[in-house]
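Worksheet for the structure shown next.
In what follows, every chain begins at residue 1, and chains take the letters A, B, ... in the order their sequences are listed. Below, each value reflects all heavy atoms present in this structure, side chains not excepted, and no hydrogens, waters or symmetry copies.
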There are 2 protein chains.
Amino acid sequence: MPRRPAYDRESALSRAISLFWEKGYHGSSMKQIEEALDMRPGSIYATFGSKDGLYLEALTRYAAAGGSELAEHMADYDSIVDGLQDYLRNIAVSCTQKGVAPSRACLIVKTLLESSNIHAGLSEQAQAILKAIEQSFEELLEQAKERGELKERTKPDRLARLLQSQIMGLRSIAERNLPDEELVGLGEDMAQILDAYRA
Amino acid sequence: MPRRPAYDRESALSRAISLFWEKGYHGSSMKQIEEALDMRPGSIYATFGSKDGLYLEALTRYAAAGGSELAEHMADYDSIVDGLQDYLRNIAVSCTQKGVAPSRACLIVKTLLESSNIHAGLSEQAQAILKAIEQSFEELLEQAKERGELKERTKPDRLARLLQSQIMGLRSIAERNLPDEELVGLGEDMAQILDAYRA
DNA sequence: TTATAACTTGAATGACCATTCAAAAACAGA
DNA sequence: TCTGTTTTTGAATGGTCATTCAAGTTATAA
């Protein structure tokens, strides 16, 4: 009986991520969203409820993709610390590749900074996501410690936060349009921070 | 002959900094600016030209204040590395103090992330300011190296970038509303990164 | 006191904002 | 083919955006 939607929800969200990531929350108008998703306002509102609803769903999907990416990356490594070091290096390298991502900075951090003090819903969601990411780093580091990769005095929760702040700093500073080799060097220097924690 | 302005330009800019720092560029409407500066649109436009003009001037003044703060802080230290380590620790501590600053994140970084891809003027100004800050770190580290505080293989330009990214990460992650002790611990961990570069 | 120049005011501007909704179109089952 | 339900469309909504400007106000110098 019912007519089925013409759009593909997944591809709509993927386009929304690109737009929001590139231009931010306030920088993305409904007009631009309509064009990016190739949907008219009625369909967008029927599907996602509001601009905020779409943004929240896009942000959550972006975070989930990032989580999968981390898990897939780590699967290639026997040593967790080696894996995390290369993870940092890879971020720096990927920031040098133009046209791959809509922005070098992290969408979650962009959201956190843009929404703080003015949009509680977005800010809380960004905070919750970052907390979950920190937790997944902490679990990895806990595991690394159990395996004897890390010094006994290493606190996985503290190192997890240090690691997260490295990534936030790296991807934020990448918006400065530094020469490629400087960004890659910075990724290397950040990776080497972890050496101080090795057993 | 001429009537003199009723407002105080410096205090107007200081109020503008507070508002922009708290709410961001898009989050601060002209109506809010009028209220914060206690000025009517005509006066604001006659004085600063436009919202962008006001924002740029506020941003520049904010950066200048930050630069003075760094210089004053470093004046208290014989050892540059000690000074920089305490600088990081102090940032973390000041992020735990509520009601002091309008936001824990850095206004320059907020500007950089909010304006990238949508507002070339703001983005370029933020980039130029961050470059100047990096340079002042580099000069300090160059001096530290000459004094023998740092390992001979230390590259001041690379360490300056690493330092700047630490501050960006620290102040950004502070927007997550972490418990005070966790933020202070992170500041300490960041300070200790510098130990690896000591001679 | 008067003339003059600068500053302040606040209503008006047109553009753009997110959102709504009635009508048209399209599909699935009978 | 017809019916019923859902989706799509796009014009319309009311609000807010940054900005302008003519008129009113105020201080200074003559």
Side-chain angles (χ1 to χ4, degrees), chain A residues 1-13 15-59 110-111 114-115 117-123 125, chain B residues 1-13 15-59 110-111 114-115 117-123 125:
Chain A
M1 273 177 194
R3 176 181 177 190
R4 278 190 292 166
Y7 62 86
D8 170 16
R9 189 186 181 91
E10 287 304 299
S11 101
L13 274 172
R15 291 156 194 260
I17 289 172
S18 285
L19 179 64
F20 287 137
W21 193 2
E22 182 184 356
K23 312 221 183 214
Y25 176 82
H26 286 108
S28 306
S29 70
M30 279 307 299
K31 197 146 278 182
Q32 290 173 301
I33 293 170
E34 288 169 40
E35 198 186 354
L37 308 201
D38 191 25
M39 288 170 73
R40 259 37 65 197
S43 298
I44 297 172
Y45 279 82
T47 310
F48 301 104
S50 63
K51 182 186 176 182
D52 283 25
L54 174 61
Y55 193 97
L56 282 168
E57 199 161 333
L59 180 65
K110 287 183 81 164
T111 303
E114 188 179 355
S115 66
N117 309 315
I118 53 170
H119 201 315
L122 289 192
S123 175
Q125 176 74 347
Chain B
M1 272 177 191
R3 177 184 176 186
R4 277 190 292 163
Y7 61 87
D8 170 16
R9 189 186 183 93
E10 286 304 298
S11 102
L13 273 172
R15 290 156 195 258
I17 289 172
S18 285
L19 178 65
F20 287 137
W21 193 2
E22 182 184 358
K23 312 221 184 218
Y25 176 81
H26 286 108
S28 306
S29 69
M30 280 307 299
K31 197 147 277 180
Q32 290 173 303
I33 292 169
E34 288 169 38
E35 198 187 353
L37 308 202
D38 190 26
M39 289 169 73
R40 260 37 66 196
S43 298
I44 296 172
Y45 279 81
T47 310
F48 301 104
S50 63
K51 182 186 176 183
D52 284 24
L54 173 60
Y55 193 97
L56 282 168
E57 198 161 334
L59 180 65
K110 287 182 81 164
T111 303
E114 189 180 354
S115 67
N117 309 316
I118 54 170
H119 201 316
L122 289 192
S123 176
Q125 176 74 348

Worked check of side-chain contact (heavy atoms from CB on, under 4.5 Å) between B:Tyr45 and B:Met39: CA-CA 10 Å; B:Tyr45 279 81; B:Met39 289 169 73; over 6 Å; no
side-chain contact (heavy atoms from CB on, under 4.5 Å) between A:Ile33 and A:Met30, intermediate numbers included: CA-CA 5 Å; A:Ile33 293 170; A:Met30 279 307 299; 3.8 Å; yes
B:His119/B:Asp52 under side-chain contact (heavy atoms from CB on, under 4.5 Å): CA gap, chis, key distance, verdict: CA-CA 10 Å; B:His119 201 316; B:Asp52 284 24; 2.5 Å; yes
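Atom CD of A:Glu34 sits in a crowded spot, with more than 12 heavy atoms from other residues, nucleotides or ligands closer than 6.0 Å. Atom CD of B:Gln32 sits in a crowded spot, with more than 12 heavy atoms from other residues, nucleotides or ligands closer than 6.0 Å.
A rotation axis mapping the C1' atoms of four pairs onto the next four is fitted at both ends of the helix from C:dT1-D:dA30 to C:dA30-D:dT1 over five pairs, and the angle between these axes is 10° to 10 degrees.
Counting to the nearest Å, the P atom of C:dA18 and the CG atom of A:Leu122 are 13 Å from each other. Taking atom CD1 of A:Ile44 as the reference point, atom P of D:dT7 lies 15 Å away to the nearest angstrom. As rounded to whole Å, 15 Å separates atom P of C:dC7 from atom CG of B:Asp8. The distance from atom CZ of B:Arg40 to atom P of D:dG24 is 19 Å, rounded to the nearest whole Å.
In this structure, A:Lys51 forms no cation-pi arrangement with A:Phe20, as its terminal cationic atom is not both closer than 6.0 Å to the ring centre and no more than 45° off the ring axis.
Looking at A:Trp21, A:Tyr55, A:Tyr25 one by one, the single match for side-chain hydrogen bond (donor to acceptor under 3.5 Å, both in side chains) with A:Thr111 turns out to be A:Tyr55.
Formation of a donor-acceptor pair under 3.5 Å by the B:Glu57 side chain with backbone atoms of B:Leu54 is not found in this model.
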Are any protein N/O atoms closer than 3.5 Å to N/O atoms in nucleotides 15-20 of chain D? If there are, list each pair with its distance.
from: D:dA18; atom 1: OP1; to: B:Lys51; atom 2: NZ; distance (Å): 2.8
from: D:dA18; atom 1: OP2; to: B:Met30; atom 2: N; distance (Å): 2.6
from: D:dT19; atom 1: OP2; to: B:Tyr45; atom 2: OH; distance (Å): 2.5
from: D:dT19; atom 1: OP2; to: B:Lys51; atom 2: N; distance (Å): 2.9
from: D:dT19; atom 1: O5'; to: B:Tyr45; atom 2: OH; distance (Å): 2.9

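In terms of phosphate contacts, B:Ser43 brings no side-chain nitrogen or oxygen within less than 4.0 Å of OP1 or OP2 of C:dC7.
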